[in-house]
There are 2 protein chains.
Amino acid sequence: MAGMEPSRNLVPPKEGALPPIQPDALRSACSNCTLRELCLPVGLSPEDLEHLDRVISKRRMLRRGEALFRAGDRFEALYAVRSGFLKTTVSKEDGREQVTGFQMSGEILGLDGIGSAQHTCDAIAIEDASVCVIPFEELERLSREVGELQRQLHKVMSREIVRDQGVMFLLGSMRAEQRVAAFLLNLTKRLKARGYSSSALVLRMSREEIGSYLGLKLETVSRAFSKLQQEGILAVRQREIEILRSEALGALANE
Amino acid sequence: MAGMEPSRNLVPPKEGALPPIQPDALRSACSNCTLRELCLPVGLSPEDLEHLDRVISKRRMLRRGEALFRAGDRFEALYAVRSGFLKTTVSKEDGREQVTGFQMSGEILGLDGIGSAQHTCDAIAIEDASVCVIPFEELERLSREVGELQRQLHKVMSREIVRDQGVMFLLGSMRAEQRVAAFLLNLTKRLKARGYSSSALVLRMSREEIGSYLGLKLETVSRAFSKLQQEGILAVRQREIEILRSEALGALANE
DNA sequence: CGCGAGCTTGATGCCGATCAATGCATGTGG
DNA sequence: CCACATGCATTGATCGGCATCAAGCTCGCG
């Protein structure tokens, strides 16, 4: 039932908002990709795009639960999500682990590996997914020639740092309900940029994964959802969430 | 009493471990800098170092409490700490703020600004400090020519991302005492790399700043120090900390 | 139909926040 | 030099939010 279709159970996107998947095509092409305005190629000229196409030659399909890379793996490439959802997790020796992020189409994974030539976290598909493989040595070489690409890569890395700062703030200073509110707002913002509704969504991750990301136990996440529903801010039916009063959600998250 | 001397009340470094300060010199030179093995220039050849010297032409002195940059400031440069300590903080509109990091000599500040051309956090000197100014446009240009520099810049950014993942783990899954233990171990590790003792240190930040960084209240930080002292793991006298049983501290932080 | 994974809901307990008082070091003016 | 103010740290008492433990519940699926 799950099959390999992308993003099936998200709220239907506007026309053409998501790329059609061609499971057979082994070559990707940034030039034609409908994600190019959200992904690494933002702002590249058509000629530069062609150069990039030559570097990003491979794709990789992942079944739900499969790892794109694991901590300790040799770092060789960055990955751009084409379809599906992934999570990244860090873990201590003793096995305790924590989700550090969820990635959707157009977002880049693997930046953690550059510093030490090894990945420092696991990247796992939380639904069937497809990613573009971006061999890093070649990307570095090309970005030495294409200033705009260099700039774009730097921006992607910088934004990741800023995102992490936001999560640190959330983990350090917000209460459970606020964290959940902020999480939902962040998700809908990113989904909206991809053509999805900003008031309804289907969560691709379990309560436990959300809790792990937000520094909460799954029961607490569940209670927060229930509370927000009681207050008339959300309508929650399992993983389907409807945001009834987004201004109230925003107000909550901002204090 | 405080004056402009660097790092006065840290445990005395081994010979030559910290750079002498020449308050009058307006030019810095990576080629001669004793921090070059900890800072951006790691691994650069003498010739490449000379190129870098041409880009990093200015220094800036900061008094305790002074801001290097603030959220919203136009992003123009990265900064490398020469001496002294800084902190970075993010804040919400309502004024609540949280410390996201402490930076010591050889560490780079300002990476947050690349993505949006504006800084997204404040960087404040928590003691008199001196930084090298690295104009970013010029750094980007030079790193297009010098592959080793490009690589080094990417590493610095990637390590910042990994560092943040570690903090997220700490904030999401560790208890108060563990957080304090991990904090101390992290500080001593970095100080050791700079030639200081790994078993004694003087904190440059207040209990409140530590708490803000660790997602705790200052009273909780204080209690954690007291507890660790009772247990014979630390000797605490105000901001002077001596680590008596570092293996116990490590064991605590790792579970 | 019955099983199991994931979600919800309730009862209880603990860790850390909060409120409050005291201690300690440094600085200032009389 | 003392009296006093100020900023920071310690310690105690109390409170509240979230974790923990423990049932039920829902839904998809063999």
Side-chain angles (χ1 to χ4, degrees), chain A residues 1-3 8-9 64-65 85 87 96 98-99 126-127 170-184 202-231 234-242 252 255, chain B residues 1-3 8-9 64-65 87 96 98-99 126-127 170-184 201-231 234-242 252 255:
Chain A
M1 187 99 282
R8 180 182 40 76
N9 50 345
R64 175 185 153 87
F85 258 73
K87 67 174 177 183
R96 275 183 315 163
Q98 173 161 344
V99 174
I126 57 176
E127 62 178 2
L170 179 146
L171 291 172
S173 346
M174 290 167 73
R175 278 168 315 96
E177 221 178 310
Q178 298 182 306
R179 296 187 198 190
V180 171
F183 173 69
L184 288 176
V202 175
L203 301 171
R204 324 317 297 256
M205 62 294 284
S206 69
R207 300 287 190 266
E208 185 166 16
E209 286 165 331
I210 297 173
S212 174
Y213 180 59
L214 298 178
L216 302 171
K217 290 295 156 185
L218 71 94
E219 295 95 325
T220 306
V221 174
S222 180
R223 277 184 248 269
F225 278 132
S226 301
K227 180 107 182 291
L228 291 169
Q229 184 163 37
Q230 279 178 9
E231 291 166 346
L234 297 182
V236 182
R237 229 180 48 249
Q238 304 283 100
R239 294 192 179 186
E240 290 167 37
I241 310 280
E242 194 178 351
L252 179 59
E255 189 142 18
Chain B
M1 186 102 281
R8 179 180 41 74
N9 49 344
R64 177 186 151 86
K87 66 174 176 183
R96 274 184 315 164
Q98 172 161 345
V99 173
I126 58 176
E127 63 178 2
L170 178 147
L171 290 172
S173 348
M174 291 167 73
R175 280 169 315 99
E177 220 178 312
Q178 297 182 305
R179 296 187 197 189
V180 171
F183 173 69
L184 287 177
L201 71 161
V202 176
L203 301 171
R204 327 315 294 257
M205 62 294 282
S206 68
R207 299 289 190 265
E208 184 166 17
E209 286 165 332
I210 296 172
S212 174
Y213 179 60
L214 298 179
L216 301 171
K217 291 295 157 183
L218 70 95
E219 295 95 327
T220 305
V221 175
S222 181
R223 276 185 248 272
F225 278 131
S226 300
K227 180 107 180 295
L228 291 169
Q229 184 163 37
Q230 278 177 8
E231 292 165 345
L234 297 182
V236 182
R237 226 179 51 246
Q238 302 284 104
R239 295 194 179 185
E240 291 168 39
I241 310 281
E242 193 177 353
L252 179 60
E255 191 143 14

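The sequence lines fix the lettering, A, B, ..., with proteins before strands; numbering per chain opens at 1. Computed from a predicted model, the values in this text were never measured in an experiment.
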(message) Holding to side-chain contact (heavy atoms from CB on, under 4.5 Å), I want the full list of residues that pass it with B/Ser222, two or more places apart in sequence or in another chain.
(response) none
(request) Please identify each residue that fulfils side chain to side chain donor-acceptor pair (under 3.5 Å) with B/Arg175, with sequence neighbours left out. (result) none
(request) Drop me the distance from B/Arg179's CZ to B/Leu216's CG, to the nearest 0.5 angstrom. (result) 5.0 Å
(request) Measure the angle between the two terminal helix axes of the helix from C/dC1-D/dG30 to C/dG30-D/dC1, five base pairs each, and quote it to 10°. (result) 20°
(request) Going 5' to 3' through nucleotides 7-18 of chain C, assign each nucleotide B (protein heavy atom under 4.0 Å from a base atom), S (under 4.0 Å only from sugar-phosphate atoms) or - (no protein heavy atom that close). (result) SBBBB----SSB
(request) Could you state the atom-to-atom distance from CZ of B/Arg64 to P of D/dG7 in whole Å? (result) 12 Å
(request) Check side chain to side chain donor-acceptor pair (under 3.5 Å) between A/Glu240 and all other residues, then give those that pass, not counting sequence neighbours. (result) A/Arg237
(request) Would you please name every residue forming a side-chain contact (heavy atoms from CB on, under 4.5 Å) with A/Gln238, sequence neighbours left out? (result) none
(message) Suppose the criterion is side chain to side chain donor-acceptor pair (under 3.5 Å): which pairs have a residue in residues 211-221 of chain A, not counting sequence neighbours?
(response) A/Arg163-A/Tyr213
(request) Mind checking side chain to side chain donor-acceptor pair (under 3.5 Å) for A/Glu177 and listing every partner two or more places apart, or none if nothing turns up? (result) A/Lys227
(request) For A/Lys87, enumerate each residue passing the side chain to side chain donor-acceptor pair (under 3.5 Å) test, keeping only those at least two apart in sequence or located in another chain. (result) A/Glu209
